[in-house]
Amino acid sequence: MTKTSKISGFYRKSISERIDIVKEFANLDDKDIELLKKEGPLNHELADKMIENLISTMPLPLGIATNFLINGKDYLIPMAIEETSVVAAASNAAKMCRAGGGIHSVATDSIMIGQVQLTKVKDPYYAKMTILSEKEKILEIANEQDPVLVKFGGGAKDIEVRVINTLTGPMVITHLLVDTKDAMGANAVNTMAEAVASYIEKITSGKVYLRILSNLADRRSVRARALIPKEALAKEGISGEEVVDGIIEAYSFAAADPYRAATHNKGIMNGVDAVVIATGNDWRAIEAGAHSYASRFGKYEPLTIWEKTEKGDLVGVLEMPMAVGIIGGATKVHPMAQLALKILGIKTAKELAEVIGAVGLAQNLAAIRALATEGIQRGHMSLHAKNIAIMAGATGDLIDLVAERLVKERKIRIDRAKEILEELKKKGK
Ligand code: NAD
């Protein structure tokens, strides 16, 4: 019989029955089944309520980054990540930031954007004015959807309307600006956007298609900054001044080149995502927000900026959307997410956003310091190799030839320099 992935009612089966089907399909053995059935901190009964067609859970290493001083408060940072060195690098960079008084981080209010797409309008600018003139009614309809959020001081606060030109003609896009307080807010905003859609259709001559949250959460951002004394950046024979200059060069490269900016930002997201995941937040939403924000001026740019102060110290800033919550979604359901929030000692979504922004900044510092000093180190090594070549008796062109070989072989020693010199001389170089 040929195998088929067309299975009706897979979702209605028990976890055990689903595992049996997968076992047969993929020829799994008893050890595989044992692994699938093994339960971790997120038990299968609970996980089965979170997603569809569940067969098991997928654990990630959870580590603690140390040394973080953010807005004058000490934090131990839970990070869920599979990549080596990230937690160590964050802890190391946090220590350097500590030397300058720690990281200062401020998040804006939790304003999310819900979009309502109005199409087939003959008079888009007139429709825009009509929608704006009905603002109070639109906000009222939106707020009726979530009395709990309104009770906590949140809810739809304002609207803005844009006319955009598209392949299928002009569209009138209404943005519902919703303060979602301690929730990430996707469900809350989507429900509100859906509710106001028919009213917008009624007062205009158009047809609404999409009504959904925008992940370009530029009204809900975090700004983190740190001053790092140059002495705290010095590394194995490389002075703090040299490291600062190397970091500024690395940043300038990222600011000028999207190929580098992508990797620069990936380094930031190593730290950001690890905390987002540990706290049960939606990292796809954070990723989408980060990269769309990075390209908001039509060119992909780094999410951090690094500068040198008058005294020669390093200052860095990070600015990016940070739509995270401590209410709703997996944050409330996943026991490890709850535990992560407990370790952080966080009471509001705003504070969580501030901590994550600080981690992103520190992670970026660690990455570009390592990259910049590696470059400086290599420069130092070739200089050092030339000296060794001269000490071994090389002259003229032979100095460079011997030094290059020493660097390539990573054996910058006088005995090896002498051997290479003899070899080259025999070859008549
Ligand atoms: P939710 O709907 O589970 O919880 C939010 C609700 O909790 C609020 O609407 C409010 O009624 C209530 N609440 C109680 N106390 C509150 C407080 N102090 N502050 C704010 N609200 C309070 O969760 P959500 O945050 O609306 O949705 C998050 C989930 O939506 C995530 O799991 C995400 O993955 C998912 N999602 C994301 C997208 C997207 O990013 N494009 C789209 C759809 C769904």
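We count ligands from 1, going down the list as the structure has it; atoms in each ligand are counted the same way.
Those atoms of ligand 1 with a heavy atom of Asp282 less than 4.0 angstrom away are 33 (C), 34 (O), 37 (C), 40 (O). Each of the atoms 39 (C), 40 (O), 41 (N) of ligand 1 lies under 4.0 Å from some heavy atom of Leu213. In summary, the atoms of ligand 1 found under 4.0 Å from a heavy atom of Asp146, numbered by their order in the structure, are 8 (C), 9 (O), 10 (C), 11 (O). For ligand 1, the atoms closer than 4.0 angstrom to any heavy atom of Leu149 are 11 (O), 20 (C), 21 (N). Close approach of ligand 1 to Lys181 is summarised as follows: ligand atoms under 4.0 Å from at least one heavy atom of the residue are 19 (N), 20 (C). Within ligand 1, counting atoms from 1 as listed, the ones closer than 4.0 Å to a heavy atom of Asn215 are 39 (C), 40 (O), 41 (N). Which parts of ligand 1 touch Ala188 is read off a 4.0 Å heavy-atom cut-off, strictly below it: atoms 9 (O), 26 (O).
There is a side-chain donor-acceptor pair under 3.5 Å between Thr166 and Thr168. No hydrogens or angles considered: nothing links the side chains of Tyr199 and Glu140 as a donor-acceptor pair under 3.5 Å. Under the 3.5 Å distance criterion, with hydrogens and angles disregarded, no donor-acceptor pair is assigned to the side chains of His264 and Tyr251.
Contacts between Asn187 and ligand 1 below 4.0 angstrom, taking non-hydrogen atoms only, involve backbone and side chain alike. Neither the backbone nor the side chain of Val189 has any atom closer than 4.0 Å to an atom of ligand 1 (non-hydrogen atoms only). For Asp182, heavy-atom contacts with ligand 1 shorter than 4.0 Å involve the backbone as well as the side chain.
Between the side chain of Asp146 and the main chain of Leu149, a donor-acceptor pair closer than 3.5 Å is present. One N or O on the side chain of Ser110 and one on the backbone of Lys181 form a donor-acceptor pair closer than 3.5 Å. For the pair Lys3 (side chain) and Phe25 (backbone), a donor-acceptor distance under 3.5 Å is present. Without hydrogens or angle criteria, Asn190 side chain to Leu213 main chain gives a donor-acceptor distance under 3.5 Å. When atom types are taken as modelled, the side chain of Arg211 and the backbone of Tyr209 share a donor-acceptor pair closer than 3.5 angstrom. Remark: side-chain polar atoms of Arg296 are paired, donor with acceptor, to backbone N or O of Tyr293 under 3.5 angstrom.
One finds a salt bridge joining Glu351 and Lys73 here, because a Lys/Arg side-chain nitrogen approaches an Asp/Glu carboxylate oxygen to under 4.0 Å. A salt bridge does not link Glu34 to Lys38: none of the charged nitrogens lies less than 4.0 Å from a carboxylate oxygen.
Separating the CG atom in Leu303 from the CG atom in Asn364 is a distance of 8.5 Å, to the nearest 0.5 Å. To the nearest 0.5 angstrom, Glu39 atom CD is 7.5 Å from Ile15 atom CD1.
The protein heavy-atom contact nearest to atom 22 (C) of ligand 1 is Ile327 CG2, 3.8 Å. Scanning the protein heavy atoms around atom 14 (C) of ligand 1, the nearest turns out to be Val148 CG1, 3.7 Å. Here the heavy atom of the protein found nearest to atom 16 (C) of ligand 1 is Phe152 CD1, 3.8 Å. The protein atom (non-hydrogen) at minimum distance from atom 32 (O) of ligand 1 is Gly329 CA, 3.5 Å.
No N or O atom of Gly328 sits closer than 3.5 Å to an N or O atom of ligand 1. Among the atoms of Gly185, some N or O lies under 3.5 angstrom from an N or O of ligand 1. Note: no N/O pair closer than 3.5 Å links Asn190 and ligand 1 by distance alone.
Every heavy atom of Gly154 sits 4.0 Å or more from the atoms of ligand 1.
With atom 35 (C) of ligand 1 as the reference point, the heavy atom nearest to it among Ala288, Ala349, Ala285, Ala186 is part of Ala186. Counting heavy atoms only, Thr180 comes closest to atom 20 (C) of ligand 1 of the residues Val324, Thr191, Thr180.
Using a 4.0 Å threshold on non-hydrogen atoms, atom 6 (C) of ligand 1 does not count as touching the protein.
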